[in-house]
Amino acid sequence: MLTIPFIRENRDLVIRQLKIKNFDAETIIDQILKKDLSRRNNQVRVNELQSEMNQASKAIGLLFKNGEKDQANQAREKTSELKEEIRALQSAMQQASSELNELLIQVPNVPHASVQQGKSESDNEIIRKGGSVPDLEENALPHWELAARYDIIDFDLGVKLTGAGFPLYKGDGARFQRALISYFLDRNTESGYKEVLPPLLVNADSGFGTGQLPDKEGQMYHVQSDDFYLIPTAEVPVTNIYRDVILEEGDLPIKNTAYTPCFRREAGSYGKDVRGLNRVHQFDKVEIVQIQSQENSYQALEEMVLHVESLINDLQLPYRIVRLCGGDLSFTSALTFDFEVYAAAQKKWLEVSSVSNFEAYQANRLKLRYKKPGEKKTLLAHTLNGSALALPRIVAALLENNQTSEGIRVPSVLHKYMGKDLIK
RNA sequence: GGAGGAAUGGCAGAGUGGUCGAAUGCGGCGGUCUUGAAAACCGUUGUCCGCCUACGGCGGACCGGGGGUUCGAAUCCCUCUUCCUCCGCCA
């Protein structure tokens with residue numbers, strides 16, 4: 001969430017910039033400022049009374065020590081009124097600050113200056129294209145049919161075991177998953193990311209820290225008996241490693257990468273682009289996460305974009321990079337670049353990565369801060385993450401684009417992981 | 001799952017109702033000494049909120065989380081969480 005001092009000092013800017021996200025912030029921002037002011041006034045009063053009370057208590061202690069019992073008891077009676085007053089004010093203050101918090105978490109992150117106004121993904125700006133679309137035969141098959149032909153992904157068995165959207169990978173299909181995961185992890189660690197393997201279930205605090213809770217509660221699977229959430233992305237556990245942490249500036253940047261399965265309920269998206277691997281409830285993804293200083297976060301974002309681009313290039317997939325418009329930008333993000341690859345049989349662009357800078361928005365929720373050398377003041381860190389990469393749609397595009405009459409060509413960078421160059 | 005014990009500052013570890021934000025040691029930072037370094041010695045060392053014409057002063061909160069008792073709680077009570085020991089079960 002945004003910090004109160006930031007809102008206080010940048011009221012107009014916040015309202016103006018949030019219009020780009022199609023969010024009318026004026027009313028809520030003014031409510032926040034009003035509540036903040038009254039909370040502060042209240043606190044001044046409470047602090048005064050507490051100070052008075054502390055002094056009185058000290059005096060009473062001294063009287064008892066000196067054996068002046070009567071005087072002490074007299075003084076004690078006098079404090080009861082003060083005590084009542086403090087109690088009342090404190091509970092009012094608690095109420096106010098929880099109301100303030102309630103309002104604050106409803107305000108999305110302010111978009112970066114480069115983000116354009118727009119309603120939906122159709123307004124996203126294509127900033128770069130690469131690779132070349134293969135010349136497929138007229139009767140080229142979509143990946144779900146290829147999956148059946150080579151018996152490498154079984155959607156029906158997934159339905160039997162769990163339900164729709166939980167594919168079962170078999171044989172070379174399973175091996176292919178493992179190959180991609182290993183390849184991505186190796187490339188990421190070569191680029192300075194440290195590999196971590198986090199828990200797949202997280203608590204509510206973690207869900208809140210990265211912004212999935214409370215607004216996107218319905219997107220996650222919830223284990224009610226223990227109040228855990230299945231992670232929708234490795235971003236959640238990997239970023240929450242640094243919840244309530246104060247780093248030294250010299251520790252930055254922190255770069256982590258993690259492979260995890262991801263679980264998404266995708267409620268309400270039935271019937272829309274859900275064939276095959278296009279949209280599933282459980283999928284594998286390798287994520288990269290950076291913790292950066294305020295000055296360097298946009299440079300880091302650029303670096304992450306180039307890194308993801310190089311992965312896609314090496315898989316020889318046709319791709320495009322888009323800058324999300326205000327309407328398509330997530331609640332917590334300031335700037336996001338999506339990567340889409342072209343699945344040539346479906347003739348569709350499929351999103352395979354989303355690289356974002358959250359600036360201090362998550363860090364404020366996480367209480368993730370850092371200190372410059374020799375300075376006492378703490379600063380909120382900037383958090384960034386991106387998929388490098390999400391597997392299902394990469395697999396979909398590779399199967400479709402690389403189909404030949406002999407079988408499916410395995411990209412050369414994966415040969416050593418697959419132990420073969422053709423799936424047949 | 002059953003029975004006990006514990007949770008204090010970056011770490012170790014005192015403190016069981018009254019100047020305790022918290023002894024002491026280690027670490028960190030600054031300094032003296034030294035050609036330099038080490039040792040020794042001296043000083044310093046948390047976070048958050050707020051107020052004040054402020055590169056400083058003051059007030060408040062924080063001793064695992066939450067709640068309670070009390071004029072006053074790190075210290076007492078309740079509850080949750082985590083860790084350790086023993087028993088049971090188990091990949």
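Naming: A, B, ... by sequence-line order, numbering from 1 per chain.
Counting non-hydrogen atoms under 4.0 angstrom, A:T79 reaches the backbone sugars and phosphates but no base. The residue A:Q43 sits close to a base: some heavy atom pair falls under 4.0 Å. A:R369 comes within contact range of the sugar-phosphate backbone alone, with a heavy-atom separation under 4.0 Å but no base atom that close. If you check every strand for non-hydrogen atoms under 4.0 Å, A:K377 touches nothing. At a threshold of 4.0 angstrom between heavy atoms, the contacts of A:T378 are confined to the sugar-phosphate backbone, with no base atom among them.
The side chain of A:R40 places an N or O atom within less than 4.0 Å of a non-bridging phosphate oxygen (OP1 or OP2) of B:C51. Distances shown here put a side-chain N or O of A:K83 below 4.0 Å from the OP1 or OP2 atom of B:C71.
Relative ring orientation between A:Y361 and A:F331 is described as perpendicular, the plane-to-plane angle rising above 60° on a 0-90° scale split at 30° and 60°. Ring geometry for A:H281 against A:Y221 counts as perpendicular: the plane angle is over 60°, on a 0 to 90° scale with 30° as the lower cut.
Candidate nucleotides B:A61, B:G18, B:G50 were compared by shortest atom distance to the side chain of A:N54, and B:A61 ranks first. Closest to the A:F64 side chain, of the nucleotides B:C49, B:G18, B:U47, is B:G18.
Partner assigned to B:G43 is B:C29, using Watson-Crick or G-U wobble distances below 3.5 angstrom.
From A:E400, atom CD reaches atom CG of A:N402 across 10.5 Å, with rounding to the nearest 0.5 Å.
Defined by atom type and a distance below 3.5 Å, a donor-acceptor pair is missing between the side-chain atoms of A:T210 and A:E235.
Taking atom NZ of residue A:K371 and atom C1' of nucleotide B:C29, one finds them 11 Å apart after rounding to whole Å. Put simply, CZ on A:R45 is 16 Å from P on B:C52, counting in whole angstrom units.
The base of B:G59 sits with one of its N or O atoms less than 3.5 Å from a complementary donor or acceptor on the side chain of A:N47.
Nucleotides B:G66 and B:C62, compared at atom C1', are 14 Å apart to the nearest Å.
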